[in-house]
> 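Sharing a structure, written as structure tokens. Questions coming.
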Amino acid sequence: MTHATAVATTESAPDSASWSAVLALSLCVATLIASEFMPVSLLTPIASDLYLTEGQAGQAIAISGIFAVATSLFVAAFTSKLDRRQLLLWLTALMLISGVVTAFAPNYAVLMAGRAFVGVVIGGFWSMSAATVMRLVPAADVPRGLAILNGGNALAATIAAPLGSFLGQYIGWRGAFFSVVPLAAITFVWLLATLPSMPSRTRANPLAAFQVLRRPGVPIGMAAVALFFMGQFALFTYLRPFLETVTLVNVSGLSLLLLAMGVSGLLGTLLIGSVLRTRLYQALIAMPVMMAALAIGLVVFGSSLGTTAGLLALWGLIGTAAPVGWWSWLSEALPDDAEAGGGLMVAVVQLAITAGAASGGLLFDNGGYQIAFGFGAIVLFTCAIAAVVLARHDRSRTATPTSSRKHLS
């Protein structure tokens with residue numbers, strides 16, 4: 001689908017309904033991310049109730065990631081005959097079913113099934129997200145639409161763990177998981193009322209997600225995406241032990257610092273849309289450089305609570321805004337194949353997060369936070385170099401009359 005087609009599709013529906021659908025998708029993201037990360041704060045009661053080890057309960061998070069990767073790579077091709085409105089509604093319904101199955105799981109196998117459903121929704125929804133926003137709003141407003149979508153992501157990432165802990169204390173872990181169900185029901189009704197018909201334009205090709213790598217510049221961009229998320233999560237995953245042992249904050253202080261990061265992330269998603277309209281590639285280069293500098297700053301000034309709080313606020317501001325930039329790049333790079341490209345990007349992101357967390361953990365355990373955070377900084381700086389190469393590649397393509405790319409640095 002071209003940008004012209006996206007605009008034409010949007011013009012056929014009322015503008016207010018289109019933006020209402022984007023807001024409904026943002027609520028869907030918030031509910032989905034809350035579902036994904038809620039087990040983080042509920043592992044102990046889950047393990048106790050189902051007679052599991054905490055390690056076994058922790059697999060409730062890992063299995064959702066596995067199913068997310070598998071779904072993201074193949075959902076576009078395997079649902080090629082299904083209207084995208086229907087597909088999104090089915091995924092939302094599956095999210096609701098997952099909440100019910102998980103909340104009432106009598107044993108480990110049923111719990112894992114419920115979490116696998118969440119993984120399917122994560123992979124399916126995120127692989128469709130950029131293409132859906134492109135069909136709902138005019139091309140010039142795609143960065144704004146993606147920013148709104150990621151605002152729900154930032155909100156949920158901020159409150160999921162503490163909310164799960166709070167609800168689990170009063171209504172139990174089952175009640176905490178069931179709290180997702182009414183939100184999923186509201187999201188389903190809202191999407192049912194606002195999403196227009198979006199006939200599929202995807203070919204039934206199970207290799208479509210991999211074939212977009214043949215497109216000019218896409219391998220470079222995907223490598224940069226992988227480097228960004230790997231570097232980010234090599235540090236972010238181990239913030240809590242760093243803050244507790246180096247900055248010496250208590251549980252209340254930790255909660256406040258993480259909340260400040262989340263609020264900064266929300267602000268970042270509000271501000272980044274206007275920047276991306278005219279400075280997409282400059283932003284993609286600058287953001288990982290700034291995050292690398294922040295990682296080094298945490299190593300140098302980590303014992304100072306005030307300085308650390310400021311650095312983490314900036315980390316949240318930039319780190320939450322950066323994915324909006326990469327989804328905007330995807331909409332520019334693959335305007336006619338955004339579903340397959342979205343599926344590939346979701347898989348790349350999930351695998352990069354896993355690699356970053358694993359490598360960061362090894363370095364944190366064996367070399368200390370300085371080595372782990374330094375590694376994160378190096379990977380983020382390498383991401384910036386890849387973004388420079390990508391910008392130069394795309395600048396050379398603008399010299400040809402067939403190129404339709406904009407926002408080049």
Side-chain angles (χ1 to χ4, degrees), residues 26 29-30 32-34 36-41 61 146-166 228-273 275 283 286-326 349 352-353 356-357 360-361 364 369 372-373 375-377 379-380 383:
S26 183
V29 167
L32 183 57
I33 297 302
E36 182 181 11
F37 290 109
M38 197 174 287
V40 171
S41 58
I61 300 172
L146 292 172
I148 291 173
L149 203 65
N150 278 270
N153 185 2
L155 176 63
T158 302
I159 67 172
L163 181 62
S165 179
F166 176 79
F228 175 81
F229 282 94
M230 184 176 178
Q232 182 183 24
F233 279 84
L235 185 152
F236 179 74
T237 309
Y238 305 98
L239 270 183
R240 177 165 184 164
F242 165 77
L243 292 170
E244 289 177 334
T245 60
V246 179
T247 315
L248 301 179
V249 300
N250 55 26
V251 175
S252 298
L254 176 69
S255 298
L256 287 174
L257 287 175
L258 295 178
L259 179 62
M261 285 183 65
V263 172
S264 297
L266 285 173
L267 179 61
T269 60
L270 293 175
L271 297 176
I272 193 65
V275 175
M287 287 189 285
V289 170
M290 290 187 285
M291 291 180 70
L294 292 172
I296 295 171
L298 287 172
V299 172
V300 176
F301 301 107
S303 59
S304 169
L305 177 59
T307 304
T308 298
L311 292 172
L312 290 181
L314 289 173
W315 179 277
L317 180 78
I318 301 167
T320 308
V324 183
W326 285 111
V349 169
I353 289 173
F364 194 95
Y369 73 91
F373 287 14
F375 171 75
V379 175
L380 286 165
C383 168

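None of the values given here were measured: they were computed from a predicted structure. All heavy atoms count here, side chains included; hydrogens, waters and symmetry mates do not.
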> Does CZ belonging to Phe236 count more than 12 external heavy atoms closer than 6.0 Å?
no

> How many angstroms lie between atom CE of Met230 and atom SG of Cys383, to the nearest 0.5 angstrom?
12.0 Å

> Do Leu235 and Met291 touch side chain to side chain, with heavy atoms closer than 4.5 Å?
no

> If you measure from CG on Leu294 to OG1 on Thr308, what distance do you get to the nearest 0.5 Å?
11.0 Å

> Quick one: pull up CE in Met261 and CG in Leu239 and give me the separation to the nearest 0.5 Å.
5.5 Å

> Taking ring-ring contact (aromatic ring centres under 6.0 Å, His included) as the definition, give me every residue that meets it alongside Phe229, ordered by chain and number, with sequence neighbours left out.
none

> Locate the shortest heavy-atom distance separating Ala295 from Ala377; write the atom from each residue and the value.
CB-CB, 3.9 Å

> Run the side-chain hydrogen bond (donor to acceptor under 3.5 Å, both in side chains) test against Ser304 and tell me which residues pass, sequence neighbours left out.
Thr307

> Not counting sequence neighbours, list each pair that qualifies as a salt bridge (Lys or Arg N to Asp or Glu O under 4.0 Å) and has a residue in residues 292-321.
none

> To the nearest 0.5 Å, what is the distance between CD1 on Ile148 and OG1 on Thr269?
9.0 Å

> Under a 3.5 Å distance rule, please check whether Thr247 uses its side chain to pair with a backbone N or O of Leu305 as donor and acceptor.
no

> List the atom of Ala313, the atom of Ser264, and the distance in Å for their closest heavy-atom pair.
O-CB, 3.1 Å

> List the steps and the verdict of side chain to side chain contact (heavy atoms under 4.5 Å, CB included) for Ile353 and Val349.
CA-CA 6 Å; Ile353 289 173; Val349 169; 3.8 Å; yes

> Partners of Phe242 by ring-ring contact (aromatic ring centres under 6.0 Å, His included), sequence neighbours excluded?
Tyr369, Phe373

> Between CG of Leu312 and CG of Leu256, what distance do you get to the nearest 0.5 Å?
12.5 Å

> How close do Leu380 and Pro288 get, counting heavy atoms only, and between which atoms?
O-CB, 3.3 Å

> Show me the pairs that pass salt bridge (Lys or Arg N to Asp or Glu O under 4.0 Å) and involve residues 241-261, at least two apart or across chains.
Arg240-Glu244

> Pair up each side-chain donor or acceptor in residues 314-323 with any protein partner under 3.5 Å, not counting sequence neighbours, and list the distances.
| from | atom 1 | to | atom 2 | distance (Å) |
| --- | --- | --- | --- | --- |
| Thr320 | OG1 | Gly316 | O | 2.9 |

